[in-house]
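One structure is given here, and the rest of the page talks about it.
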Amino acid sequence: MKRSYFLRLLLIFLTLSIFALAAKVKCSRWDKNITFEEYLQKFHIDKKIIDTLDRDDQSLISEIGYAHKYYELIASNGVLLQSLIPIGEELQAHLFRTHTGYKLEIIPIEYQKDTHIAILSIDKSPHADIISKLKNRRLANEFTRVLKHSVNFRGVQKNDKIVIVYDQKMRLGQPLGVPDIKVAMLESHGKKNYVFKYSDGKYYNENGKALIEKYMGKPLNHLIITSPFTTRRWHPILHKWKAHHGIDCRARRGTPILAAADGKVVYSGWMNGYGRVIKIQHADNYLTLYAHQSRLKAKVGQYVKKGEIIGYTGNSGRSTGPHLHFGLYKNGRPINPMRLIKFTTNGLTGRDQQYFLKRKRKYIKIIKKIEEENLPSYVWNTVNEIYVLPKMKTYYQNRGW
Ligand SMILES: [Zn+2]
């Protein structure tokens, strides 16, 4: 199914290229202040094209507006033949010209995911060394973020050691999105400080105790989630790719909506699909979004405190019933809000704890082996296993990874 999609895309591309030999592929950065409707206007495309999408996809279209790179195929006479505009890290809007007019659809972004292990000895600082040695600034930021609650970075000295196990998406030879750290370790003053990610998306210390991140408050006093956060997944009944960049919370019409953290209101108004929306910009490049409101209270430019009432729940936009859609973004990328909403500070228990400890032991064993045998850091492809040297592949298979 997926492959035929790309063959079709390629075919469209080729066909278009034959008929428009002088057509050019253009890569640009999306202007933050431009909505998708305004983009359509630029090429004299009727904005009613958005109505051809289903409700969920219309909401996704309103998320276009961050500074992402996007691609256009433009004919020599300036006519837009095709454009691919990313929505988050997983999906993209595909706008293309056919003989019957323009069509719009949401399709997955093609990428490859590799698992890396990096073992570094510190020269300057963990952050600076990750950038200079691994050429990955986002990885450096993530490493600092996941370890900052269990390590004092000021005590780090030259020749201290760091280990990172992480997944990195790659597209056209470039890293795509934020690396997903599975294990982070900093060895300082002879003490190893480990952090592990569990399948719930949260980080825990070696004993399975939760690490308190900078948690946000709940956007409603009583939070009952009716639809969870998902990045792309294939919908078996609708036969299309879907994503839900936020959580839906059950709430009677008119329930007060609370600011999840201190911040500045950067949007208060109507957004296609999401109806009446408030967006709040917080510290550390976090942004929260509160959709489908019946009444907006907070105004653009206003500073709000955590827990302050910013509006009231409703059913505006493309919504089937009164509820709050709550979204969380970091640097313009959707992340699961549950990651930052505090429910419990307890560690893992029962089966979760057992599974966590088993997984932890496996990771530590492999890291130890790499250290002992002085292997270079490597790339291990979890999807196709094509980048692995044959020797390496057997090596990891033998260790049950
Ligand atoms: Zn929703």
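All ligand and atom numbering here is 1-based and tracks the order in the structure.
- Residue contacts to the Zn ion (ligand 1): His325 brings an N, O or S atom closer than 2.8 Å.
- Comment: Lys242 engages Asp54 in a salt bridge, judged by a side-chain N to carboxylate O separation of less than 4.0 angstrom.
- Within the 2.8 Å limit, His244 places at least one N, O or S atom next to the Zn ion (ligand 1).
- With no hydrogens or angles considered, no side-chain donor-acceptor pair links Ser132 and Lys135 at under 3.5 Å.
- Between Asp57 and Arg55 no salt bridge is recorded (no basic side-chain N to carboxylate O distance below 4.0 Å).
- Contact annotation: Asp248 places an N, O or S atom under 2.8 Å from the Zn ion (ligand 1).
- With respect to Lys305 and Glu308, no salt bridge is recorded, no charged nitrogen being found less than 4.0 Å from a carboxylate O.
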